[in-house]
Peer 1: 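Just passing along the structure, written as structure tokens.
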Amino acid sequence: MSAAKNAIGDDFSLSRVPQSARKSLWSITIIRVGAFATISQFILGATMGYGMTFTDALIATFFGSIILQVVGFLLGYIGVREGLSTSLLTRWAGFGKHGGTIFSIIIAISCIGWFGVQNTIFASGLVEASNGKLPLIPAMFLTGLSVTFLVIFGFKLLSITAAIAVPAFLLAVSAGVFSVFRETSLSELFSAAPAGEPLSIGVASTMIAGGFIVGAIITPDISRFARSGKDVFWMTTIGLIIGELGINMIAVLLALAARTNDVVSIMVQASGVIAALVVVFSTIKINNVNLYAASLSVTSIFDSVFNLRLGRAKVTLVIGIIGTVLSAIGILNYFIDFLVVLGVLVPPVAGIIIIDYFILKTSRQVLDESRERGELPSVAGRLSPITIIAWASGFLVGYFVTWGIPSLNALFVSGVIYYIGGLVVRTRSVAIS
């Protein structure tokens, strides 16, 4: 794909990212940190601090984060090696052309939906900042279309936006922490009893891992711009240390100190309305990623199904408007449960991709050969019954089995079934030949 197309924000949506277009460790890491350092993460930490002691919350956060680190790094490594987005990658990692299309549809609907949900939070922050002078509906269009404009210009502007928003968010949180610690002993918070209903370590670990598992699985969307596997490791590690462990545990401490799980109230009590609004406005970073992933998925869908190579910038404009309108008319409030179900469909995909790429290596030869030429493989694989069975089994286990961490259960089960099925097919093929 030409540099000119990339210059207007196409971002190699339907091709490999060449080495000449790879970015610095800072550029990819700041986007990753921004995806964690958000109001959603703060809400999660505050919920844990309202129902858990600091020690239990730390244990739960550690276990949940380890899962995200392993999944994010493995998939991110594939992304940097192949230079492909997750939606494109699935075509040559167990799902084939049609399975990759189904996955892209799931990611597109899920990310557009969550874009709308997060846009409501962002707009509500503007309404509060204006003391109600700005009506909610106009605020939704203002915030939604602003984020859409940023994402149209692709990876470069995502990085610049995160470079501004992340430090502002961290400064606001730091001000809150300083205010709380000035009045409350840190040792008291470490041993303080939670104010709300008890929350178990298992449930909290599930919240941590499940809350960002989709983000971990679309890591290749960002890591394909990295320069090496080492950069991907540091991107995922720093993102987790600052955004997951850091922000989460700060929110836990603030919830223990404020005796509430209301994030805005916590920040107002700790550091004033301005800092609270900075925390709310942090949704812009995660919504950038939501819309970016959705745009890559939609371009992949049209390429796969209709053989149309749409420009990612134009796709971003259309789906950004759709997500904004859906949030403005309030329809997304009725679809959150549906979006959660879609989220359970995603983890099994990670198990299949990891097993196929690193162990079974069904398409590694064609990927290696085409990578040398800087092209995509000329032919995508087929969606096999084994993939369908593994994917469905992972989904059912993740949805119905409540023991452990559902998202991890789904990932593990799908990977094991896909591996066994792949070995059986390979053995039968050898025997027949």
Side-chain angles (χ1 to χ4, degrees), residues 34-47 105-129 134-151 158 161-162 165 169 206-218 221 243 247-248 251 261-264 276-298 316-347 407:
F36 278 109
T38 64
I39 186 67
S40 300
Q41 189 66 43
F42 214 78
I43 289 172
L44 178 56
T47 300
I105 291 172
I106 292 171
I107 288 294
I109 294 174
S110 180
C111 288
I112 292 172
W114 286 117
F115 167 84
V117 172
Q118 294 280 355
N119 186 55
T120 301
I121 298 174
F122 189 6
S124 298
L126 277 186
V127 172
E128 182 173 340
L134 176 63
L136 182 59
I137 299 300
M140 286 181 174
F141 278 97
L142 176 62
T143 54
L145 295 180
S146 296
V147 171
T148 299
F149 175 79
L150 293 174
V151 178
L158 293 185
T161 303
F169 178 87
T206 299
M207 292 165 60
I208 292 289
F212 197 73
I213 191 66
V214 174
I217 293 170
I218 60 174
D221 291 356
I247 297 301
N248 211 61
N261 59 355
D262 185 336
V263 175
V264 176
L277 292 177
V278 169
V279 173
V280 172
F281 290 169
S282 69
T283 55
I284 193 172
K285 303 186 305 303
I286 188 62
N287 248 6
N288 280 346
V289 176
N290 280 332
L291 193 56
Y292 188 67
S295 68
L296 293 174
S297 295
V298 171
T316 299
L317 177 61
V318 173
I319 63 178
I321 292 173
I322 291 173
T324 300
V325 171
L326 290 177
S327 68
I329 63 180
I331 193 171
L332 291 174
N333 295 328
Y334 300 98
F335 283 92
I336 291 180
D337 289 341
F338 174 65
L339 294 176
V340 171
V341 171
L342 287 183
V344 181
L345 278 167
V346 177
S407 56

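Only heavy atoms go into these numbers, but all of them, side chains included; no hydrogens, no water, no symmetry mates.
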Peer 1: Just by distance, do the side chain of Lys285 and the backbone of Ala37 share a donor-acceptor pair under 3.5 Å?
Peer 2: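 Present.
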
Peer 1: About how many Å separate CG of Asn288 and OG1 of Thr148, when rounded to the nearest 0.5 Å?
Peer 2: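 CG of Asn288 is found 9.5 Å from OG1 of Thr148.
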
Peer 1: Please name the pair of heavy atoms, one in Ala35 and one in Val289, separated by the smallest distance, quoted to 0.1 Å.
Peer 2: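 Reported closest heavy-atom pair: CB-CG2, 4.3 Å.
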
Peer 1: Determine whether a donor-acceptor pair (N or O, by modelled atom type, separation under 3.5 Å) exists between the side chain of Asp221 and the backbone of Ala293.
Peer 2: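 Not at all, since once roles are kept as given, no pair shorter than 3.5 Å links the two residues.
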
Peer 1: So Pro138 and Leu134, do their side chains get closer than 4.5 Å, heavy atoms only?
Peer 2: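 They are in side-chain contact.
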
Peer 1: At their closest point, which heavy atom of Ala139 faces which heavy atom of Val127, and how far apart are they?
Peer 2: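 So the minimum-distance heavy-atom pair works out to CB-CG2, 4.0 Å.
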
Peer 1: Partners of Val346 by side-chain contact (heavy atoms from CB on, under 4.5 Å), sequence neighbours excluded?
Peer 2: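 With neighbours one apart ignored, the set is Phe103, Ile106, Ile107, Val214, Ile217.
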
Peer 1: Looking at CD1 of Ile218 and CD1 of Ile213, how far apart are the two atoms once the value is rounded to the nearest 0.5 Å?
Peer 2: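 Here the rounded value is 11.0 Å.
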
Peer 1: How long is the gap from CD1 on Ile319 to OG1 on Thr324, to the nearest 0.5 Å?
Peer 2: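 One gets 10.5 Å once the value is rounded to the nearest 0.5 Å.
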
Peer 1: With sequence neighbours excluded, tell me which residues meet ring-ring contact (aromatic ring centres under 6.0 Å, His included) with Phe141.
Peer 2: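 Result, ring-ring contact (aromatic ring centres under 6.0 Å, His included) vs Phe141: none returned.
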
Peer 1: What closest approach, in Å, do Ala108 and Ala294 show between heavy atoms, and which atom pair accounts for it?
Peer 2: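 Result for this residue pair: O-CB, 4.2 Å.
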
Peer 1: According to the interplanar angle, ranging from 0 to 90°, do the rings of Phe212 and Phe36 count as parallel (below 30°), tilted (30 to 60°) or perpendicular (above 60°)?
Peer 2: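 Tilted, since the angle between the ring planes falls between 30° and 60°.
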
Peer 1: Let me confirm one number: the CD1-OG1 distance from Ile321 to Thr316, rounded to the nearest 0.5 Å.
Peer 2: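 Between atom CD1 of Ile321 and atom OG1 of Thr316 there are 11.0 Å.
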
Peer 1: For the residue pair Asn261 and Thr47, confirm or rule out a side-chain donor-acceptor distance under 3.5 Å.
Peer 2: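 Absent: no donor and acceptor within the cut-off.
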
Peer 1: With rounding to the nearest 0.5 angstrom, report the CG to OG1 distance, Asn287 to Thr143.
Peer 2: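 One gets 8.0 Å once the value is rounded to the nearest 0.5 Å.
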
Peer 1: Would you check, one step at a time, whether the test side chain to side chain contact (heavy atoms under 4.5 Å, CB included) holds for Ile284 with Phe169?
Peer 2: CA-CA 11 Å; Ile284 193 172; Phe169 178 87; over 6 Å; no

Peer 1: Between the side chain of Thr120 and the main-chain N/O of Gly116, is any donor-acceptor distance below 3.5 Å?
Peer 2: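 Judged by distance alone, yes, a pair lies under 3.5 Å.
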
Peer 1: How far does OG of Ser146 sit from CG of Asn119, to the nearest 0.5 angstrom?
Peer 2: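 It comes to 9.0 Å.
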
Peer 1: Please examine the side chains of Trp114 and Ser110, heavy atoms only from C-beta on, and report whether any two atoms are closer than 4.5 Å.
Peer 2: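 Yes - at least one pair of side-chain heavy atoms lies under 4.5 Å apart.
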
Peer 1: Please name all residues satisfying side-chain contact (heavy atoms from CB on, under 4.5 Å) with Ile109, sequence neighbours left out, ordered by chain then number.
Peer 2: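 So Ile109 forms a side-chain contact (heavy atoms from CB on, under 4.5 Å) with Ile105, Phe338, Leu342.
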
